[in-house]
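All values below were derived from every heavy atom in this structure, side-chain atoms included, with hydrogens, water molecules and symmetry-related copies excluded.
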Amino acid sequence: TYRDYEILGMPPPSSAGVVLTEILNILENFELKQNNPESLHIIIEAMRFGFFDRIRFLGDADFVKLPTHHLTSKLYAKDLAKTIDKVKAIPSVKMSEDTSAFDESMETTHFSVVDMEGNVVSNTYTIEEWFGSGAVVKGLGFLLNNEMHDFNIQPDVSLLKNQKRNSPNLIEPGKRMLSSMAPTIVLKNGKPLLITGSPGGKTIINTVLQVIIGVTDYQLTLREAIDYPRLNHTWMPDRVTIEKNRWDAKIVNSLRSRGHNILEVTYLGDAHSIWIDPVTGVIYGEADTRRYGWAEGY
Ligand code: DON
């Protein structure tokens with residue numbers, strides 16, 4: 001749950017589900033206001049905690065014991081929330097000396113569907129990179145994916161992209177890599193309200209998070225929630241990526257003054273979503289125009 005909403009997502013042991021839950025649980029301890037630097041700072045700090053735990057604890061549940069009960073508990077989140085300083089960023093290195101993390105690329109897609117009977121589907125899928133691994137299964141005609149770089153690749157080594165040392169997500173034979181994909185359905189009073197998700201590799205969780213915050217905390221329309229500028233923090237590298245030319249300079253400066261390193265990126269995520277009006281039942285399908293998506297006639 002998040003406030004008086006119910007969130008259906010990838011269940012544990014999915015890393016995305018655990019991280020999204022942890023971040024939402026932390027945020028429940030605050031009132032979040034739109035266009036408010038303090039709220040944005042709190043959101044960033046919550047992201048930092050979520051992704052710190054992701055890299056410390058999460059990997060294939062058949063290989064590592066996942067403390068999901070602890071990570072998703074409201075009490076744990078409350079304790080973390082108490083450590084957030086409203087005027088100062090916590091430097092990520094203070095949380096751990098090991099500054100390694102890993103990057104992911106940008107070739108995934110998400111779609112949200114509702115049928116005439118009100119059944120809803122939130123679907124994120126990926127083969128990674130253009131044409132996945134480039135190999136088609138003979139006689140069947142589908143491409144094999146290329147997800148191997150979702151693993152941390154080498155033990156005890158920080159490589160080019162700072163792969164984590166001895167991560168629970170370390171590559172091993174027969175092991176499943178972590179995924180950030182976070183198809184999500186938000187319910188209000190037991191009925192689907194928001195169907196969302198996104199591509200974007202490691203930024204996916206934070207994109208989905210911000211669509212949820214837009215609709216629930218800021219009470220925006222889905223269109224506004226999708227269009228609202230996004231930011232992203234993944235614990236390491238210790239910086240906030242923000243969408244270029246979308247944020248008010250005053251807000252960005254205020255985040256800087258709290259000690260955040262800011263890096264502008266072209267865009268974050270691509271969250272094609274649906275909102276179902278709880279009163280009228282009218283269904284609103286909204287494309288995210290950041291990447292290539294728009295509805296016919298949009
Ligand atoms: O499963 C994952 O988390 C990644 N393989 C997803 C990659 C991705 O989203 C690339 N997107 N645009």
Side-chain angles (χ1 to χ4, degrees), residues 15-16 18-30 32-33 36-59 67 70-72 75-104 152 156-170 178 180 200-207 209-210 213 229-244 247-265 268:
S15 134
V18 173
V19 177
L20 184 60
T21 306
E22 180 176 334
I23 297 173
L24 286 169
N25 284 344
I26 295 171
L27 294 176
E28 241 179 7
N29 296 284
F30 303 92
L32 300 178
K33 297 190 211 119
N36 178 292
E38 185 180 294
S39 293
L40 290 164
H41 165 74
I42 288 164
I43 292 168
I44 294 164
E45 296 300 88
M47 290 171 173
R48 190 194 305 272
F49 280 125
F51 278 84
F52 180 48
D53 281 345
R54 178 185 197 257
I55 203 137
R56 281 198 295 170
F57 295 120
L58 301 179
H70 174 63
L71 297 180
T72 57
L75 266 177
Y76 174 57
K78 195 170 210 152
D79 284 344
L80 292 179
K82 280 189 204 139
T83 69
I84 292 179
D85 182 335
K86 288 194 177 162
V87 292
K88 220 163 165 276
I90 303 168
S92 292
V93 279
K94 283 251 165 84
M95 295 157 78
S96 165
E97 289 299 313
D98 187 345
T99 60
S100 47
F102 64 105
D103 281 343
E104 293 170 21
N152 296 108
D156 300 321
V157 178
S158 287
L159 289 172
L160 192 62
K161 291 192 175 173
N162 299 325
Q163 278 96 347
K164 175 77 177 129
R165 291 155 202 248
N166 286 334
S167 153
N169 186 37
L170 185 67
L178 283 186
S180 301
K202 215 164 66 154
T203 67
I204 291 173
I205 295 168
N206 289 336
T207 289
L209 173 78
Q210 288 165 95
I213 291 171
R230 294 185 188 135
L231 48 72
N232 174 61
H233 197 298
T234 54
W235 177 63
M236 283 291 176
D238 190 354
R239 63 170 185 226
V240 185
T241 45
I242 63 164
E243 292 186 307
K244 204 174 178 163
W247 287 98
D248 185 332
K250 267 197 217 136
I251 289 181
V252 178
N253 286 336
S254 181
L255 292 176
R256 278 209 182 91
S257 74
R258 285 175 162 83
H260 294 290
N261 299 312
I262 308 278
L263 177 73
E264 287 186 328
V265 294
L268 292 163

Notebook entry, point to check: Is there a donor-acceptor contact under 3.5 Å from the side chain of E45 to the main chain of D85?
Noted result: no
Checklist line | Set of ring-ring contact (aromatic ring centres under 6.0 Å, His included) partners for F57, sequence neighbours left out | finding: none
Notebook entry, point to check: If you round to the nearest 0.5 Å, how far is CD1 of I43 from CG of L32?
Noted result: 5.0 Å
Next item on the list: For K250, enumerate each residue passing the salt bridge (charged side-chain N to carboxylate O under 4.0 Å, His left out) test, keeping only those at least two apart in sequence or located in another chain.
Entry: none
Item checked: Considering all heavy atoms, the nearest F52-M95 contact -> CZ-O, 3.3 Å
Next item on the list: I would like to know whether W247 and E264 meet side-chain contact (heavy atoms from CB on, under 4.5 Å); could you show each step before the answer?
Entry: CA-CA 10 Å; W247 287 98; E264 287 186 328; over 6 Å; no
Check: Counting only N and O atoms by type, is there a donor-acceptor contact under 3.5 Å from the side chain of S39 to the main-chain atoms of K33?
Finding: yes
Next item on the list: Enter the distance from E38:CD to I251:CD1 here, rounded to the nearest 0.5 Å.
Entry: 13.0 Å
Note to self: Would you compute the distance between atom CD1 of I242 and atom NE2 of H260 and round it to the nearest 0.5 angstrom?
What the structure shows: 11.5 Å
Check: What is the minimum heavy-atom distance between T83 and I90, and which atoms define it?
Finding: O-CD1, 3.8 Å
Next item on the list: Sequence neighbours left out, what passes salt bridge (charged side-chain N to carboxylate O under 4.0 Å, His left out) with E28? Give chain and number order.
Entry: K74
Item checked: N25 side chain reached by Y76 side chain, heavy atoms, under 4.5 Å -> no
Margin query: Tell me if the centroids of the rings in W235 and F51 come within less than 6.0 Å of each other.
Written below: no
Next item on the list: Give a yes or no answer on whether the side chain of N29 reaches the backbone of A81 with a donor-acceptor pair at less than 3.5 Å.
Entry: no
Item checked: Flag side-chain contact, heavy atom, 4.5 Å: D53 against V19 -> no
Notebook entry, point to check: Rounded to the nearest 0.5 Å, how far apart are NE2 of H233 and CG of L255?
Noted result: 11.0 Å
Item checked: Closest approach of P168 to I55 (non-hydrogen atoms, all atoms of both residues) -> CD-O, 3.5 Å
Notebook entry, point to check: Are a donor atom and an acceptor atom from the side chains of S180 and R54 found within less than 3.5 Å of each other?
Noted result: yes
Notebook entry, point to check: Can a salt bridge be assigned to the pair R48 and D238 using a cut-off of 4.0 Å between side-chain N and carboxylate O?
Noted result: yes
Checklist line | Residue pair N232, Q210: steps toward the side-chain contact (heavy atoms from CB on, under 4.5 Å) verdict | finding: CA-CA 9 Å; N232 174 61; Q210 288 165 95; 5.6 Å; no
Checklist line | Verdict with reasoning, F30 to K86, per side-chain contact (heavy atoms from CB on, under 4.5 Å) | finding: CA-CA 11 Å; F30 303 92; K86 288 194 177 162; 4.0 Å; yes
Notebook entry, point to check: Do N169 and L58 have side-chain heavy atoms sitting under 4.5 Å apart?
Noted result: no
Next item on the list: Report yes or no: does N206 contribute a side-chain atom to a donor-acceptor pair with the main-chain N or O of T203 at less than 3.5 Å?
Entry: no
Check: Atom CG in L268, atom OG1 in T207: separation rounded to 0.5 Å?
Finding: 5.5 Å
Check: Going through the checks in order, is the side-chain contact (heavy atoms from CB on, under 4.5 Å) test met by T234 and M47?
Finding: CA-CA 6 Å; T234 54; M47 290 171 173; over 6 Å; no
Next item on the list: To the nearest 0.5 Å, tell me how far T241 OG1 sits from I262 CD1.
Entry: 9.0 Å
